[in-house]
**Q** 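The structure under discussion is supplied below as structure tokens; questions concerning it will follow.
So you know, we letter chains A, B, ... as the sequences are listed, proteins then strands, and number each from 1.
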There are 2 protein chains.
Amino acid sequence: MAGRNLGGPKADALDLGAVFRALADEHRRSVMTELAADRSDSERGCNSFDLPISKQTQTHHFRVLREAGLIDEIDYGNRKGIRLRRADIEKRFPGLLALLGAGPPADTAPR
Amino acid sequence: MAGRNLGGPKADALDLGAVFRALADEHRRSVMTELAADRSDSERGCNSFDLPISKQTQTHHFRVLREAGLIDEIDYGNRKGIRLRRADIEKRFPGLLALLGAGPPADTAPR
DNA sequence: CTTCAGGTACGATGCAAGTCGTACTTGAAG
DNA sequence: CTTCAAGTACGACTTGCATCGTACCTGAAG
């Protein structure tokens with residue numbers, strides 16, 4: 001039941017290069033954008049993101065996000081929980097999560 | 001003399017994915033970190049960064065930074081000028097440049 | 001003019017990364 | 001027990017990208 005938390009780097013050990021590499025991928029960035037937009041920071045299932053990729057690839061992407069220190073993964077055996085490490089990210093890279101809400105370039109509204 | 005400015009995306013068209021991809025490379029990030037640290041935003045020569053890579057590769061990296069909209073490249077024919085697009089970056093992605101100063105993870109000095 | 005340094009263009013190469021197929025594990029439900 | 005869905009491990013494939021070698025262009029200085 002309890003579920004064990006798969007390991008990731010400590011807050012002070014977050015590497016900016018790893019973070020940028022993690023956010024460079026469109027699928028991973030969409031996950032992070034969704035997580036950042038939910039201020040309740042509740043735990044989510046990893047199939048709640050509607051990613052148009054196979055589950056093996058999803059496993060890969062969530063692992064990259066975890067190893068970059070951006071999310072926690074809680075292993076329940078036959079399912080998995082995802083939680084944003086908001087406090088750690090804001091402590092080390094303040095303002096980063098806010099950038100994810102900047103939206104697509106040249107939004108449809110020209111002004 | 002005047003030197004023509006090689007093209008890049010407009011401020012409103014800056015793409016977050018292209019920016020993260022550009023900053024994912026260590027050499028490009030070091031260039032941006034140096035530029036962001038110089039508040040005078042003066043034009044710099046492109047061999048003033050001491051990059052440990054060949055000049056062909058430097059050409060490639062500066063092109064990536066320019067196409068991501070992070071820098072302007074001014075072509076003088078047989079030399080080139082580099083200038084940070086600070087205002088445009090701050091307008092579209094406020095706080096991004098400040099993140100570059102976050103430094104290496106958990107510096108070896110615990111203090 | 002020639003020479004030379006800074007920079008670019010094109011191609012080749014090597015490596016990292018995204019993707020998926022197959023097979024296996026885990027835990028819950030019948 | 002068996003069945004099933006969620007997830008992982010491993011490997012193969014493919015694409016992207018950083019790097020450099022060779023050749024060429026540009027402008028300034030002799």
Side-chain angles (χ1 to χ4, degrees), chain A residues 1-8 15-33 35 42-83, chain B residues 1-8 15-33 35 42-83:
Chain A
M1 297 340 103
R4 60 194 196 86
N5 195 333
L6 302 176
D15 174 57
L16 191 55
V19 169
F20 280 146
R21 273 191 297 275
L23 295 177
D25 182 85
E26 189 181 0
H27 296 135
R28 288 193 294 260
R29 200 166 61 252
S30 76
V31 168
M32 290 299 298
T33 302
L35 288 173
S42 55
E43 185 176 320
R44 297 186 51 168
C46 46
N47 47 4
S48 68
F49 294 97
D50 270 349
L51 295 175
I53 51 181
S54 69
K55 57 180 183 176
Q56 307 97 300
T57 305
Q58 292 188 33
T59 294
H60 164 68
H61 285 314
F62 286 121
R63 169 194 283 261
V64 172
L65 289 175
R66 171 173 54 88
E67 292 181 343
L70 296 175
I71 63 171
D72 279 329
E73 286 185 292
I74 300 95
D75 183 17
Y76 295 101
N78 67 342
R79 82 182 139 199
K80 203 172 51 177
I82 301 294
R83 181 170 293 161
Chain B
M1 254 336 174
R4 60 193 196 87
N5 194 334
L6 301 177
D15 175 57
L16 191 56
V19 168
F20 280 145
R21 274 191 296 275
L23 295 176
D25 182 85
E26 188 180 1
H27 296 134
R28 289 193 293 260
R29 202 167 58 251
S30 77
V31 168
M32 289 299 297
T33 302
L35 289 172
S42 54
E43 186 176 320
R44 296 186 53 168
C46 44
N47 47 4
S48 69
F49 293 96
D50 271 349
L51 296 176
I53 51 181
S54 68
K55 57 181 183 175
Q56 307 97 298
T57 305
Q58 292 189 33
T59 295
H60 164 68
H61 284 316
F62 285 121
R63 168 194 283 263
V64 172
L65 289 176
R66 171 172 55 87
E67 292 180 344
L70 297 175
I71 63 171
D72 278 328
E73 287 185 293
I74 300 94
D75 182 18
Y76 295 102
N78 66 342
R79 85 184 134 177
K80 202 172 52 178
I82 302 293
R83 180 170 294 160

**Q** Rounded to the nearest Å, what distance is computed from the CG atom of residue Leu6(B) to the P atom of nucleotide dT8(C)?
**A**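 After rounding, the reported distance stands at 8 Å.
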**Q** Does any part of the side chain of Leu70(B), heavy atoms only, come nearer than 4.5 Å to the side chain of Arg28(B), both counted from C-beta?
**A**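 Arg28(B) vs Leu70(B): side chains apart.
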**Q** Would you say His61(A) reaches dT19(C)'s phosphate, i.e. side-chain N/O to OP1/OP2 under 4.0 Å?
**A**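 Yes.
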**Q** Between P on dG7(C) and CG on Leu51(B), what's the gap in Å once rounded to a whole number?
**A**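 It is 12 Å, rounded to the nearest whole Å.
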**Q** Which one, dT8(D), dG6(C), dA28(C), comes nearest to the side chain of Asn78(B)?
**A**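 So the nucleotide nearest the side chain must be dG6(C).
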**Q** Roughly, in whole Å, what's the span from CD in Gln58(A) to C1' in dA17(C)?
**A**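 After rounding, the gap between these two atoms is 17 Å.
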**Q** Tell me the interatomic distance from Phe49(A), atom CZ, to dA6(D), atom C1', rounded to whole angstroms.
**A**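 From Phe49(A) CZ to dA6(D) C1': 15 Å.
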**Q** Is it the case that more than 12 heavy atoms not belonging to Arg79(A) sit under 6.0 Å from its CZ atom?
**A**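 Check fails, neighbour count at 12 or below.
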**Q** Could you please name the option among dC20(C), dG7(D), dG6(C) that lies closest to any side-chain atom of Cys46(A)?
**A**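 For Cys46(A), the side-chain atoms sit closest to dG7(D).
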**Q** Between Thr59(B) and dT8(C), does any side-chain N or O lie under 4.0 Å from OP1 or OP2?
**A**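 Thr59(B) to dT8(C) OP1/OP2: side-chain N or O found under 4.0 Å.
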**Q** Indicate the atoms forming the closest heavy-atom contact of Ala68(A) with Val19(A), along with that distance.
**A**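 In this case the closest contact between Ala68(A) and Val19(A) is O-CG2, 4.0 Å.
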**Q** Can you identify which nucleotide, out of dC20(D), dG18(C), dA6(D), has its nearest atom closest to the Lys55(A) side chain?
**A**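 For Lys55(A), the side-chain atoms sit closest to dA6(D).
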**Q** Let me confirm one number: the CZ-CD distance from Arg4(A) to Glu73(A), rounded to the nearest 0.5 Å.
**A**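 Answer rounded to 0.5 Å: 10.5 Å.
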**Q** Rounded to the nearest angstrom, tell me the gap between atom CG in Asp25(B) and atom P in dG16(D).
**A**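 Rounding to the nearest Å, CG of Asp25(B) and P of dG16(D) are 18 Å apart.
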**Q** Please determine, for the side chain of Ile53(B), which listed nucleotide (dT8(D), dT19(C), dT19(D)) has the closest atom?
**A**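 Of dT8(D), dT19(C), dT19(D), dT19(D) is nearest to the side chain of Ile53(B).
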**Q** Return whichever of Arg79(A) or Val64(A) has its heavy-atom-nearest nucleotide of DNA chain C closer to the 5' end.
**A**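 With Arg79(A) and Val64(A) compared, the 5'-side residue is Val64(A).
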**Q** So, is His60(A) close to the dG7(D) phosphate, meaning a side-chain N or O under 4.0 Å from OP1 or OP2?
**A**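 No.
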**Q** Out of dA17(C), dG7(D), dG18(C), which has the shortest distance to the side chain of Arg28(A)?
**A**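 Among dA17(C), dG7(D), dG18(C), the one nearest the side chain of Arg28(A) is dG18(C).
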**Q** Looking only at side-chain N and O atoms, does Arg63(A) come under 4.0 Å of OP1 or OP2 in dG7(D)?
**A**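 For Arg63(A), the contact criterion (side-chain N or O under 4.0 Å from OP1 or OP2 of dG7(D)) is not met.
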**Q** Nearest whole angstrom, please: distance from the P of dA17(C) to the CD of Glu26(A).
**A**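 About 18 Å, once rounded to whole Å.
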**Q** Taking the side chain as every heavy atom from C-beta outward, state whether Cys46(B) and Lys55(B) have any atom pair closer than 4.5 Å.
**A**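 Counting from C-beta outward, Cys46(B) and Lys55(B) never come under 4.5 Å.
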**Q** Check whether any side-chain nitrogen or oxygen of Lys80(B) sits under 4.0 Å from OP1 or OP2 of dT8(C), and answer yes or no.
**A**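 Checking dT8(C) against Lys80(B), a side-chain N or O does come within under 4.0 Å of OP1 or OP2.
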**Q** Would you tell me if any nitrogen or oxygen in the side chain of Thr57(A) comes within less than 4.0 Å of OP1 or OP2 on dG18(C)?
**A**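 False: Thr57(A) side-chain N/O out of range (4.0 Å or more) of dG18(C) OP1/OP2.
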**Q** Send over the distance from Ile74(A) CD1 to dA6(D) P, rounded to a whole Å.
**A**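 Atom CD1 in Ile74(A) sits about 18 Å away from atom P in dA6(D).
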**Q** Taking the side chain as every heavy atom from C-beta outward, state whether Ile71(A) and Met32(A) have any atom pair closer than 4.5 Å.
**A**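 Result yes, sub-4.5 Å side-chain heavy-atom pair found.
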**Q** Do Gln56(A) and dG21(C) have a side chain to base donor-acceptor pair shorter than 3.5 Å?
**A**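 In this structure, the two groups form a donor-acceptor pair.
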**Q** Please give, in whole Å, the distance from dT8(D) C1' to Tyr76(A) OH?
**A**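 Computing the Tyr76(A):OH to dT8(D):C1' distance gives 18 Å.
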